[in-house]
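It should be emphasised that the depicted structure is a prediction, and the values quoted were computed from it without experimental measurement. Along the sequence shown, the residues carry numbers beginning at 1.
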Amino acid sequence: MDELEIRSLTTDDLDEYNALLRYAFQVTEADLMRAGWRDDDIEQSKFPVLERADVLGCWDGDQLVSQIAVYPLRMNIHSAVYNVGHITSVSTYPEYSGRGIMKRILRLSLERMREDGRSLAMLYPFSIPLYRRFGWEIVSNKISYKVKDTQIFRLGRKDRAPGYVRRVEWDDPGFMDLHARFALRTHGCILRDRVAWEEYWRWDEEDTIVAVYYDTSDTPTGYMVYLIKEDVMHVKEMVYLNMEAQKGLWDYISAHYSMIDEVRGNTYRNELMAFILEDGNVTEAIRPYMMGRIVDVGMFFRDYLIDDAEADVCFAFEVTDSFLEWNNATFNVLFHGGKAEVTTMEPDYTVKLSIGTLTTMLMGYMTATQLHRLERIEGSDEAIEALDEILIHEIPYISDYI
């Protein structure tokens with residue numbers, strides 16, 4: 001291990017970075033051709049990653065053997081905008097696995113996030129058990145659905161939305177501004193900057209379409225991104241600010257009933273298609289999507305918002321964190337006036353939990369009661385009830401795969 005060096009990557013390291021990604025994720029020339037990419041397109045697209053992300057690599061002499069990238073992003077957490085780090089491009093050549101290299105790089109990346117004021121780390125896990133060992137926990141779901149053509153035809157026969165839908169370009173300002181408005185009112189949503197939008201479109205085919213719903217005052221209030229291929233409409237994302245826009249977008253989908261046999265899509269809201277469609281006999285599959293980890297407990301609580309209708313209460317959180325020692329402590333937190341404050345005052349209640357459990361609870365994915373039943377939180381029944389009264393319960397909407 002002594003001969004290995006960990007350092008930041010720059011654009012001069014592009015070839016090594018790209019080669020390791022291609023090998024680890026087995027991206028073939030055929031994959032690139034199907035997505036409409038050439039190898040030189042991929043190399044060019046990685047320049048922004050190395051310029052804008054915090055990318056760490058482990059070197060064995062002149063060979064890059066392991067790497068991790070952290071995108072600096074902003075996220076809506078219960079109506080407060082947080083600086084977060086989204087971890088991606090985690091990869092190691094197999095001959096170097098099992099030597100603790102990734103553990104070292106992961107630890108260093110979290111230290112740098114903390115120094116940069118990023119109190120939450122997000123990632124899409126290739127192994128949930130692995131990241132749980134490092135303090136991550138599930139914080140969001142992805143629901144995939146299939147709607148048959150007969151169910152599409154039954155849509156919109158009555159009570160059509162009063163507005164209209166227009167197809168627009170990928171970089172349409174109204175479309176991008178609509179997502180910004182949606183993100184500011186949606187817990188868990190990423191506020192997409194240029195990097196996030198580039199990643200959003202990275203692997204989409206050229207025939208991918210953006211359709212925007214406009215209300216009667218010509219204001220965009222909903223959109224969908226989709227691709228029609230082999231008689232199937234694939235809905236990548238559907239965003240709406242109100243039920244009128246949702247209905248208008250499904251009216252638009254129903255107008256395609258003679259062109260398609262099925263609609264397939266994903267939703268990241270805590271809602272089921274069975275309650276949206278008139279014929280609710282649809283196929284849906286739910287699975288865990290993103291994992292999160294609080295990087296610094298005190299920093300995270302500093303911006304945390306709660307139910308401001310509840311009376312003041314102080315909790316002692318006895319947190320265990322075997323990976324980041326600064327979190328392995330007791331935090332007395334006063335909840336008052338809709339906010340949280342780390343304090344020295346005596347607590348009204350005490351609970352004991354891991355950093356992963358604290359993360360999934362504060363992010364709203366699981367309630368204190370649910371976690372208590374699973375023996376993930378130690379505390380009295382009164383403490384658990386008081387905690388659930390003060391916290392906001394809303395499962396995060398996280399759709400961005402960086």
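Residues Met238 and Thr267 form no side-chain contact, since every pair of their non-hydrogen atoms from C-beta on lies 4.5 Å or further apart. Within the 4.5 Å cutoff, side-chain heavy atoms of Leu9 are placed close to those of Leu64. In this structure, Met75 and Met363 have side chains that are in contact, with non-hydrogen atoms separated by less than 4.5 Å. Residues Tyr17 and Ser89 form a side-chain contact, since some pair of their non-hydrogen atoms from C-beta on lies under 4.5 Å apart. Between Asp348 and Phe335, every side-chain heavy-atom pair lies at or beyond the 4.5 Å cut-off. Using a 4.5 Å heavy-atom cutoff, the side chains of Leu106 and Ile68 are in contact. Contact annotation: the side chain of His256 approaches that of Met233 to within less than 4.5 Å [non-hydrogen atoms, C-beta and beyond]. Using a 4.5 Å cut-off on side-chain heavy atoms (C-beta onward), Val84 and Arg118 make no contact.
Between the side chains of Thr369 and Thr367, no donor-acceptor pair is found at a separation under 3.5 Å. One side chain, Glu237 or Tyr200, offers a donor N or O that lies under 3.5 Å from an acceptor on the other.
Residue Leu391 forms a side chain to side chain contact (heavy atoms under 4.5 Å, CB included) with just one option from Met361, Glu310, His78, and that option is Met361.
Of all heavy-atom pairs spanning Thr350 and Glu318, the tightest one is CG2-OE2, 3.5 Å. Here the shortest heavy-atom pairing between Val65 and Ile101 reads CG2-CD1, 4.4 Å. What you find for Ser66 and Thr92 is that their closest heavy atoms are OG-OG1, 2.7 Å. Here the closest non-hydrogen pair linking Ile398 and Gly188 is CG1-O, 3.4 Å. Shortest non-hydrogen contact noted between Ala316 and Thr330 is CB-CG2, 4.2 Å. Taking each heavy atom of Arg185 and Arg181 in turn, the nearest pair found is CG-O, 3.3 Å.
In this structure a side-chain-to-backbone donor-acceptor pair under 3.5 Å is present from Asp388 to Ala368. Although no hydrogens or angles enter the test, the distance criterion places a donor-acceptor pair under 3.5 Å between the side chain of Ser354 and the main chain of Thr357. The main-chain N or O of Val295 is found under 3.5 Å from a side-chain atom of Asn327 such that the two form a donor-acceptor pair. Not one N or O on the side chain of Thr360 forms a donor-acceptor pair closer than 3.5 Å with the backbone of Val139. Between the Asp215 side chain and the Gly163 main chain, no donor and acceptor come within less than 3.5 Å of each other. Counting only distance, with no hydrogens or angles, the side chain of Asn76 and the backbone of Ser79 share a donor-acceptor pair below 3.5 Å. A side-chain donor-acceptor contact under 3.5 Å links His187 to the backbone of Glu394. Listed for the His179 side chain is no donor-acceptor partner under 3.5 Å among the backbone atoms of Phe175. Listed for the Asp251 side chain is a donor-acceptor partner under 3.5 Å among the backbone atoms of Ala161.
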Residue pair Ile294, Ile355: steps toward the side-chain contact (heavy atoms from CB on, under 4.5 Å) verdict: CA-CA 7 Å; Ile294 293 176; Ile355 189 68; 4.0 Å; yes

Derivation of the side-chain hydrogen bond (donor to acceptor under 3.5 Å, both in side chains) call for Asn332 and Thr343: CA-CA 5 Å; Asn332 290 0; Thr343 180; over 6 Å; no

Stepwise side-chain hydrogen bond (donor to acceptor under 3.5 Å, both in side chains) check, Gln246 with Tyr213: CA-CA 9 Å; Gln246 182 200 51; Tyr213 176 83; over 6 Å; no

Step-by-step side-chain contact (heavy atoms from CB on, under 4.5 Å) determination, Leu191 to Leu73: CA-CA 7 Å; Leu191 280 68; Leu73 296 172; over 6 Å; no

side-chain contact (heavy atoms from CB on, under 4.5 Å) evaluation trace for Met291 with Ile128: CA-CA 8 Å; Met291 298 186 79; Ile128 289 177; 4.0 Å; yes

Candidate pair Asn266 and Ile143, rule side-chain contact (heavy atoms from CB on, under 4.5 Å), full reasoning: CA-CA 5 Å; Asn266 303 306; Ile143 302 175; over 6 Å; no

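Aromatic ring centres of Tyr240 and Tyr223: separated by at least 6.0 Å.
The aromatic rings of Trp197 and Trp201 sit parallel, their planes meeting at an angle under 30°, below the 60° perpendicular limit. Under the 30°/60° scheme for interplanar angles, the aromatic rings of Tyr214 and Tyr164 are found to lie parallel.
Salt-bridge formation is detected for the pair Asp321/Arg293: a Lys NZ or Arg NE/NH1/NH2 atom is positioned less than 4.0 Å from an Asp or Glu carboxylate oxygen. In summary, Arg112 and Asp116 do not engage in a salt bridge, as defined by a charged side-chain N under 4.0 Å from a carboxylate O. Taking 4.0 Å as the cut-off between side-chain N and carboxylate O, Asp13 and Arg7 count as a salt-bridged pair. In this structure, Glu137 pairs ionically with Arg376, as a charged nitrogen and a carboxylate oxygen lie closer than 4.0 Å. No salt bridge links Arg192 with Glu198; every basic N to acidic carboxylate O contact stays at or beyond 4.0 Å.
Counting heavy atoms of neighbouring residues, nucleotides and ligands inside a 6.0 Å radius, atom CD of Glu346 does not exceed 12 of them. Other residues, nucleotides and ligands contribute only 12 or fewer heavy atoms inside 6.0 Å of the CD atom of Glu375. Within a 6.0 Å radius of CZ in Arg132, other residues, nucleotides and ligands contribute more than 12 heavy atoms.
Screening residues 343-381 for ring-ring contact (aromatic ring centres under 6.0 Å, His included), with sequence neighbours left out, gives Phe315-Tyr349. Applying the side chain to side chain donor-acceptor pair (under 3.5 Å) test to every pair with at least one member in residues 295-307, sequence neighbours left out, gives these pairs: Arg114-Asp296. Sorted by first and then second residue, the ring-ring contact (aromatic ring centres under 6.0 Å, His included) pairs with a member in residues 83-111 read Tyr23-Tyr93; sequence neighbours excluded. Here ring-ring contact (aromatic ring centres under 6.0 Å, His included) pairs that include residues 97-140, with residues two or more places apart or in two chains, are Tyr124-Tyr289, Tyr124-Tyr401, Phe126-Tyr131, Tyr131-Trp136, Phe134-Phe323.
Under the side chain to side chain contact (heavy atoms under 4.5 Å, CB included) criterion, Ser322 pairs with no residue at all, not counting sequence neighbours. With sequence neighbours left out, the ring-ring contact (aromatic ring centres under 6.0 Å, His included) criterion links Trp326 to no other residue.
Note that Lys339 lies outside the cation-pi zone of Phe301, set by a 6.0 Å cut-off to the ring centre and a 45° limit from the axis.
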